[in-house]
Amino acid sequence: MTLGEHQEAFARDLASLINKAYDLGYKVRIGEVFRTPEQQKVYVETGRSKTFNSMHLKKCAADLHFFKNGELCYPRELGEYWQGLSPINSAGMFWKSFVDAPHFERRN
Ligand SMILES: [Zn+2]
C-alpha cells in the first residue's frame, strides 16, 4: 500500500469516526492533522511528543476534541470504534507510556 493509499484510508476512517461521534450525540472540534518536521521537533523538545516518527508527519493522524452538553470529553467508545475500523488504527487514549487522549492515527 502506498503512502497516498494510507492517507486515503485514514481520511475515510476519520470521516466515519466523526459521523459516529455525531450519531452518539457528541460534537467534534478538529485539531492538528498535518505537522511539519520543524513543528515536530518543537513538540519533542518541549515534551508534547515523544517521537520524531509521528503519523502527523504523514497526514495519517488527527487530534479530535469531543463535547457533550458543553463538556470536553474523550470517550472510550470512540477510541474503540476507531480501532475497530482497521487493525492498524490506534487511539492515543489507550497508549500506556504516553497517553494522548485526542489522538487518532493509522500506523504505516
Ligand atoms: Zn496527535
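First listed ligand is number 1; within each ligand, the first listed atom is number 1.
- Take the N/O/S atoms of His56: the one nearest the Zn ion (ligand 1) is NE2.
- When atom types are taken as modelled, the side chain of Gln40 and the backbone of Arg35 share no donor-acceptor pair closer than 3.5 angstrom.
- Because the distance cut-off is set at 2.8 Å, Glu105 fails to qualify as a neighbour of the Zn ion (ligand 1), as none of its N, O or S atoms comes that close.
- Side-chain contacts under 4.5 Å among hydrophobic residues (ILVMFWY), followed directly or transitively, place Tyr81 together with Phe10, Leu14, Leu17, Ile18, Tyr22, Leu24, Tyr26, Val28, Ile30, Val33, Leu64, Phe66, Phe67, Leu72, Tyr74, Leu78, Trp82, Leu85, Met93, Phe94, Phe104.
- For Gln39 (side chain) and Thr36 (main-chain N/O), no donor-acceptor pair under 3.5 Å exists by modelled atom type.
- The atom of Asp63 nearest to the Zn ion (ligand 1) is OD1, with the search restricted to N, O or S atoms.
- Considering just the N/O/S atoms of His103, the one nearest the Zn ion (ligand 1) carries the name ND1.
- Considering Lys59, Arg106, Lys58 in turn, Arg106 is the only one that fulfils the side chain to side chain donor-acceptor pair (under 3.5 Å) rule with His6.
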